Amino acid sequence: MNRLEAMELAEESEHCLRPAEAFALIGDETRVAILEALWQIDEQPAEFTTLYEMTETDNSAQFNYHLDQLTGHFVCKRDDGYELRTAGKRVIQAVVEGSFNAHPDIEPFETGDQCTQCSGSLVATYAEEKLAISCPACGRTHGQYSFPPGGLIGRDEQAILSAFNQRVRHLHCLARDGVCPKCSGQMKTRVARGDDCFLDSDLRAEYTCKQCQHSLCSPIGLVPLQP
């Protein structure tokens with residue numbers, strides 16, 4: 001199943017909103033404020049009055065309208081209050097990690113490691129929410145994976161590299177075990193050759209999600225493959 005087929009399947013499902021409808025629902029400051037308030041409240045479900053006071057909305061009728069629009073898709077209504085659904089959590093998580101509103105720019109820096117090809121000094125660069133490790137001397141790429149902007153906050157260079165390493169290990173462990181890191185769909189594994197991966201490696205492992213088509217690749221020896 002390709003990306004287009006997956007989107008068409010989601011749009012045809014009676015349980016799914018069309019993408020445009022879903023984004024329209026959260027395209028309002030009051031609705032985002034409601035989601036943020038629910039995210040901040042430790043004890044859920046949260047009462048209507050608590051949410052209303054936290055969002056500092058002047059008109060209770062208007063607040064109630066926006067809350068109703070979110071309910072069922074991003075917010076779940078219980079007998080004793082409201083709580084975030086998974087979709088609502090993901091919206092706020094995207095805000096927290098900086099994917100929507102942060103565009104950091106950090107200078108390339110040396111990692112302290114050597115290239116396995118030419119023994120040159122490896123350099124880390126960050127662009128388009130991806131951290132890459134490469135060797136300027138020979139041009140070999142040793143890794144390039146998504147790393148949300150929030151991962152840079154409050155960390156020095158070595159802490160960034162440590163967090164990046166843990167994140168990559170986690171992503172590959174999920175993929176190796178057949179779970180997509182993006183949507184939790186089924187991942188398929190294959191051994192591939194050629195230059196279609198960012199890694200400067202002839203032989204690699206490729207993981208592709210059957211549902212959302214998210215993919216990962218790694219040198220064949222980095223992560224043990226599933227039989």
Side-chain angles (χ1 to χ4, degrees), residues 2-3 90-227:
N2 58 35
R3 287 184 175 90
R90 288 181 177 175
V91 169
I92 298 304
Q93 285 169 345
V95 173
V96 171
E97 72 185 18
S99 293
F100 285 164
N101 54 1
H103 305 282
D105 183 21
I106 63 173
E107 294 295 324
F109 60 90
E110 293 190 359
T111 67
D113 297 317
Q114 292 184 329
C115 175
T116 56
Q117 186 76 15
C118 71
S119 297
S121 297
L122 295 183
V123 172
T125 56
Y126 188 79
E128 298 181 357
E129 299 188 11
K130 292 181 180 180
L131 189 69
I133 309 296
S134 59
C135 176
C138 69
R140 182 181 179 86
T141 303
H142 289 256
Q144 176 179 295
Y145 298 96
S146 65
F147 194 68
L152 305 176
I153 298 174
R155 290 190 171 113
D156 59 21
E157 293 175 353
Q158 289 305 310
I160 289 173
L161 291 175
S162 177
F164 176 67
N165 177 58
Q166 293 298 322
R167 176 178 171 80
V168 171
R169 287 165 59 91
H170 175 67
L171 294 177
H172 279 279
C173 283
L174 282 172
R176 179 202 61 195
D177 292 337
V179 180
C180 175
K182 290 289 187 180
C183 73
S184 297
Q186 298 181 55
M187 297 288 280
K188 61 181 179 181
T189 303
R190 75 184 186 102
V191 176
R193 292 180 180 274
D195 301 324
D196 293 333
C197 182
F198 59 82
L199 294 172
D200 184 15
S201 178
D202 179 59
L203 187 63
R204 64 185 184 278
E206 285 190 349
Y207 306 99
T208 305
C209 178
K210 296 179 181 179
Q211 182 165 295
C212 73
Q213 299 299 301
H214 175 65
S215 63
L216 290 172
C217 64
S218 67
I220 196 69
L222 180 60
V223 180
L225 299 179
Q226 288 284 87

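As the structure is a computational prediction, the values presented were derived from the model and not from experiment.
- The CZ atom of F109 lies 7.5 Å from the CD atom of Q158; values are rounded to the nearest 0.5 Å.
- Counting heavy atoms from C-beta on, the side chains of H142 and C115 come closer than 4.5 Å.
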Throw together a table of side-chain donor-acceptor distances under 3.5 angstrom for residues 179-186, partners on residues two or more places apart or in other chains.
none

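- Annotation: side chain of I133 is in contact with side chain of L161 (closest heavy-atom distance under 4.5 Å).
- Side-chain contact between H170 and C173 is absent, with no heavy atoms from C-beta onward closer than 4.5 Å.
- Interatomic distance, CD1 of I160 versus CD1 of I153, reported as 10.5 Å (0.5 Å rounding).
- Rounded to the nearest 0.5 angstrom, I106 CD1 and R155 CZ are separated by 12.0 Å.
- E206 contributes atom CD, which lies 10.0 Å from atom NZ of K188 (distance to the nearest 0.5 angstrom).
- For S146, the side-chain hydrogen bond (donor to acceptor under 3.5 Å, both in side chains) criterion is met by R167, not counting sequence neighbours.
- The aromatic rings of Y126 and F147 sit perpendicular, their planes meeting at an angle over 60°, well past the 30° parallel limit.
- Under the 4.5 Å side-chain criterion, counting only non-hydrogen atoms from C-beta, R190 is not in contact with T208.
- With values rounded to the nearest 0.5 angstrom, L152 atom CG is found 9.5 Å from E129 atom CD.
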Evaluation steps, side chain to side chain contact (heavy atoms under 4.5 Å, CB included), between L174 and Y207:
CA-CA 10 Å; L174 282 172; Y207 306 99; over 6 Å; no
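- Summarising the geometry, atom CD belonging to Q114 is positioned 9.5 Å from atom SG belonging to C135; distances are rounded to the nearest 0.5 Å.
- The two atoms that bring A175 and L216 nearest to each other are CB-CD1, 3.8 Å, heavy atoms only.
- Considering only residues two or more places apart in sequence or on other chains, P108 meets the side-chain contact (heavy atoms from CB on, under 4.5 Å) condition with V123, T125.
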